[in-house]
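Reviewing the structure listed below.
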Amino acid sequence: MPRTKAFDESVVLEKAVNLFWKNGYHATSMQDLVEHLGINRASLYGTYGDKKTLFQKAFQRYRRDSISQVKAFLASEENVKEGLFRLMLGACNETMCDPERKGCFSVNTTTELVPNDPEIKTILVENRKRLETIFEAYLQQGVDRGQINSGKDLKSIATHLFTFYNGLQIISKVADDPDHLQSALTVALSVLDD
């Protein structure tokens, strides 16, 4: 008869997300995981496999939750330009208010593991495509609502927004002037003006 696990896999995975997000992949040891997750090494290996597999599962959970949050936020914003402004400014504020200044787990993973890990690179490319598709669909809503000029290249603008969004999240880790970031954001979104 198989043994019943004495821990909630979902809770443990969330703890792994937070540890990898804070420390990065390379700076997180198996012993760190054992201590932080509160389960023994055998259970950790038995449930999640090796460190890389656990990292990928944690990162997958983060990406799923993050993309769902972006989609839900944008769906609640009727004015497209204001919605994008609030989304990006909110990400900046979240990082600046975080005592650990973790920033974005996806951006951190990109800077730490690419180009040396082709598997992670493939995951990150897919993540980029998904977010650009979300941005492009949201921009199309702006066109449909008469908020954005129909002659604009929405695909290129979606790429611009993704690029700026990621850069903004890096700068937020070291920024101390939110007004400076807000001004940069206003300039970046001016691409939506007529």
Side-chain angles (χ1 to χ4, degrees), residues 17 20-21 24 56 58-98 101-194:
V17 168
F20 282 123
W21 188 0
Q56 288 176 337
F59 190 43
Q60 178 183 21
R61 179 177 180 147
Y62 171 86
R63 289 187 339 272
R64 182 199 68 215
D65 293 349
S66 179
I67 286 172
S68 293
Q69 289 169 3
V70 167
K71 286 171 80 171
F73 182 86
L74 293 178
S76 71
E77 293 287 329
E78 285 293 317
N79 185 295
V80 170
K81 187 172 178 183
E82 289 177 15
L84 289 165
F85 185 88
R86 282 199 273 276
L87 173 73
M88 294 187 188
L89 189 60
C92 290
N93 289 335
E94 187 175 321
T95 296
M96 292 175 75
C97 292
D98 176 6
R101 295 276 180 129
K102 291 186 302 291
C104 172
F105 191 10
S106 294
V107 172
N108 297 349
T109 299
T110 302
T111 58
E112 180 185 12
L113 299 180
V114 173
N116 298 321
D117 188 325
E119 203 173 346
I120 290 293
K121 181 180 178 185
T122 299
I123 291 167
L124 288 162
V125 167
E126 179 58 33
N127 190 67
R128 175 186 56 81
K129 289 177 182 175
R130 287 188 71 194
L131 278 167
E132 286 182 2
T133 299
I134 290 167
F135 286 154
E136 186 177 358
Y138 190 54
L139 292 167
Q140 184 60 56
Q141 290 176 23
V143 170
D144 296 344
R145 295 173 188 158
Q147 299 168 356
I148 298 173
N149 186 316
S150 62
K152 293 195 179 283
D153 180 353
L154 301 186
K155 190 169 196 63
S156 294
I157 293 173
T159 298
H160 162 75
L161 293 173
F162 175 81
T163 303
F164 185 79
Y165 188 42
N166 282 272
L168 194 59
Q169 292 184 86
I170 291 171
I171 298 301
S172 297
K173 293 173 76 168
V174 296
D176 55 6
D177 182 2
D179 292 338
H180 181 71
L181 295 180
Q182 191 167 332
S183 296
L185 181 52
T186 299
V187 171
L189 292 177
S190 67
V191 70
L192 301 177
D193 297 341
D194 290 333

Once you round to the nearest 0.5 Å, how far does [atom1] of [X] lie from [atom2] of [Y]?
X      : Y      : atom1 : atom2 : result
Asp176 : Leu181 : CG    : CG    : 9.0 Å
Leu154 : Glu132 : CG    : CD    : 12.5 Å
Lys102 : Lys173 : NZ    : NZ    : 10.0 Å
Lys155 : Thr133 : NZ    : OG1   : 6.0 Å
Lys121 : Asn116 : NZ    : CG    : 10.5 Å
Gln60  : Asp65  : CD    : CG    : 10.5 Å

Is the CZ atom of Arg61 crowded by more than 12 outside heavy atoms at less than 6.0 Å?
yes

Kindly check if the number of other-residue, nucleotide or ligand heavy atoms within 6.0 Å of CD (Glu126) is above 12?
yes

What heavy-atom pair brings [X] and [Y] nearest, and what distance separates the two atoms?
X      : Y     : result
Arg145 : Glu77 : NH1-O, 3.8 Å
Arg101 : Thr95 : CD-O, 3.3 Å
Ala175 : Met96 : O-CE, 3.6 Å
Tyr138 : Gly83 : OH-CA, 3.6 Å

Ignoring hydrogens and geometry, is there a side-chain-to-backbone donor-acceptor pair from [X] to [Y] under 3.5 Å?
X      : Y      : value
Asn166 : Phe162 : yes
Arg86  : Leu74  : no
Arg63  : Ser106 : no
Gln147 : Val80  : yes
Arg128 : Thr163 : no
Trp21  : Gly103 : yes
Lys152 : Val191 : yes

Evaluation steps, side-chain contact (heavy atoms from CB on, under 4.5 Å), between Leu84 and Tyr165
CA-CA 10 Å; Leu84 289 165; Tyr165 188 42; over 6 Å; no

Go through it in stages, so that I can follow the logic: the residues are Met88 and Leu161, the test is side-chain contact (heavy atoms from CB on, under 4.5 Å), and I'd like the CA-CA distance, side-chain angles, deciding distance and then a yes or no.
CA-CA 9 Å; Met88 294 187 188; Leu161 293 173; 3.9 Å; yes

Side chains of [X] and [Y]: closer than 4.5 Å at any heavy-atom pair?
X      : Y      : value
Asn79  : Phe85  : no
Phe20  : Thr109 : no
Ile157 : Glu136 : no
Ile67  : Lys71  : yes

Look at the aromatic rings of Phe105 and Tyr62 and report parallel, tilted or perpendicular, splitting at 30° and 60°.
perpendicular

Step by step, work out the side-chain contact (heavy atoms from CB on, under 4.5 Å) result for Asn127 and Leu131.
CA-CA 6 Å; Asn127 190 67; Leu131 278 167; 4.0 Å; yes

Could you go through the side-chain contact (heavy atoms from CB on, under 4.5 Å) check for Asp193 and Asn149 one step at a time?
CA-CA 8 Å; Asp193 297 341; Asn149 186 316; over 6 Å; no

